[in-house]
Undergrad: 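Starting off with a structure, shown below.
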Amino acid sequence: QVQLVESGGGLVQAGASLRLSCAGSGGTFNAMAWFRQAPGKEREFVGCINRGTQTRYAGSVEGRFTVSRDYTVNSVYLQMNSLQPEDTAVYYCAAVQFEPSGALQLPFRADDYDYWGRGTQVTVSS
């Protein structure tokens, strides 16, 4: 059974940094990604990374957030710098089941992902 478990969220002030972690188990993955959902808004793409360690980011976070992964522990990370109140949301990790033909894809649509974590809350105060 595939599981993705996020950790590292919390309450910080504007300008602070946080590092989120997502520990995967029970599977082998192509792209792994982070999405977020704020109250009253739809879930939105944040960033993703493929098996070649290429990355893709939403314009709202590019330059501030960095996605990385560690294949040895089947985890993906999100380093968030210069956090703003607008970044407040529940952050979810997601993963695509491994297939050789899709190893280098960088999906940005939620429907392209097979597995999801339960999320971790990030709150940024002014």
Undergrad: Give a yes or no answer on whether the side chain of Asn74 reaches the backbone of Gly27 with a donor-acceptor pair at less than 3.5 Å.
TA: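 Side chain of Asn74 to backbone of Gly27, a donor-acceptor pair under 3.5 Å: yes, one is there.
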
Undergrad: Looking at side-chain heavy atoms only, is the closest gap between Gln105 and Asn50 below 4.5 Å?
TA: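 Heavy-atom side-chain distance check fails, nothing below 4.5 Å.
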
Undergrad: Below 4.5 Å, heavy atoms only, C-beta onward: do Leu78 and Thr66 meet side chain to side chain?
TA: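 Of all side-chain heavy-atom pairs linking Thr66 with Leu78, none is under 4.5 Å.
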
Undergrad: Assess the side chains of Tyr115 and Gln97: does a donor N or O sit below 3.5 Å from an acceptor N or O?
TA: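 A pair is found: one side chain offers a donor N or O, the other an acceptor, under 3.5 Å apart.
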
Undergrad: Hey, are the side chains of Leu4 and Tyr92 touching, using non-hydrogen atoms and a 4.5 Å cut-off?
TA: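 No, too far: nothing below the 4.5 Å cut-off.
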
Undergrad: Check whether any side-chain heavy atom of Met80 lies under 4.5 Å from a side-chain heavy atom of Trp34, and answer yes or no.
TA: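 In short, these two side chains do not touch, never coming nearer than 4.5 Å.
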
Undergrad: If you measure from SG on Cys48 to CG on Asn30, what distance do you get to the nearest 0.5 Å?
TA: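 One finds 11.5 Å between SG of Cys48 and CG of Asn30.
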
Undergrad: Give me the atom names and distance for the closest heavy-atom approach of Leu106 to Thr55.
TA: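 Looks like CD1-O, 4.0 Å.
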
Undergrad: Would you compute the distance between atom CD of Gln3 and atom OG of Ser25 and round it to the nearest 0.5 angstrom?
TA: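 Gln3 atom CD to Ser25 atom OG measures 5.0 Å (nearest 0.5 Å).
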
Undergrad: Under the salt bridge (charged side-chain N to carboxylate O under 4.0 Å, His left out) rule, what do Arg36 and Glu44 come out as? Steps first, then yes or no, please.
TA: CA-CA 5 Å; Arg36 67 186 183 185; Glu44 66 174 348; 2.6 Å; yes

Undergrad: Just by modelled atom types, is the Ala103 backbone N or O under 3.5 Å from a matching donor or acceptor in the Glu99 side chain?
TA: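 Judged by distance alone, no pair lies under 3.5 Å.
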
Undergrad: Met32 versus Tyr113: any side-chain heavy-atom pair under 4.5 Å?
TA: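 No, side chains not in contact.
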
Undergrad: Do Val76 and Val67 have side chains that get closer than 4.5 Å, going by heavy atoms?
TA: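 Side-chain contact under 4.5 Å: yes.
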
Undergrad: With clusters defined by side-chain heavy atoms of hydrophobic residues (ILVMFWY) lying less than 4.5 Å apart, directly or transitively, does Leu18 cluster with Tyr91?
TA: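 Linked within one cluster.
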
Undergrad: Please name the pair of heavy atoms, one in Ala16 and one in Val12, separated by the smallest distance, quoted to 0.1 Å.
TA: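 So the two residues come closest at CB-CB, 3.8 Å.
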
Undergrad: Nearest 0.5 Å, what's the CZ-CZ distance between Arg51 and Arg69?
TA: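 Nearest 0.5 Å value for the CZ-CZ distance: 6.0 Å.
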
Undergrad: Are the aromatic ring centres of Phe45 and Tyr57 under 6.0 angstrom apart?
TA: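 Centroid separation for Phe45 and Tyr57: 6.0 Å or greater.
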
Undergrad: Enter the distance from Glu62:CD to Arg56:CZ here, rounded to the nearest 0.5 Å.
TA: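 Rounded to the nearest 0.5 Å, the CD-CZ separation comes to 10.5 Å.
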
Undergrad: Has Arg19 got its NZ or CZ under 6.0 Å from the middle of the six-membered ring of Tyr77, at an angle within 45 degrees of the ring axis?
TA: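 Cation-pi check for Arg19 and Tyr77: passes.
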
Undergrad: Rounded to the nearest 0.5 Å, how far does OH of Tyr71 lie from OG1 of Thr53?
TA: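 It comes to 6.5 Å.
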
Undergrad: Say whether Ser17 and Asn81, considering side chains only, have a donor N or O and an acceptor N or O under 3.5 Å apart.
TA: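 Short answer, yes.
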
Undergrad: Would you say the side chains of Gln121 and Thr123 form a donor-acceptor pair under 3.5 Å?
TA: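 Side-chain D/A pair, Gln121 to Thr123: present.
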
Undergrad: Do Val2 and Asp114 come close enough that some side-chain heavy atom pair is under 4.5 Å?
TA: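 SC-SC contact between Val2 and Asp114 ruled out.
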
Undergrad: Indicate yes or no: at least one non-hydrogen side-chain atom of Val90 is less than 4.5 angstrom from one of Glu6.
TA: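 No. Closest side-chain heavy atoms not under 4.5 Å.
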
Undergrad: Compare every heavy atom of Ala23 with every heavy atom of Ser75, then report the nearest pair and how far apart it is.
TA: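 Where Ser75 meets Ala23 most closely, the heavy atoms are OG-CA, 3.6 Å.
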
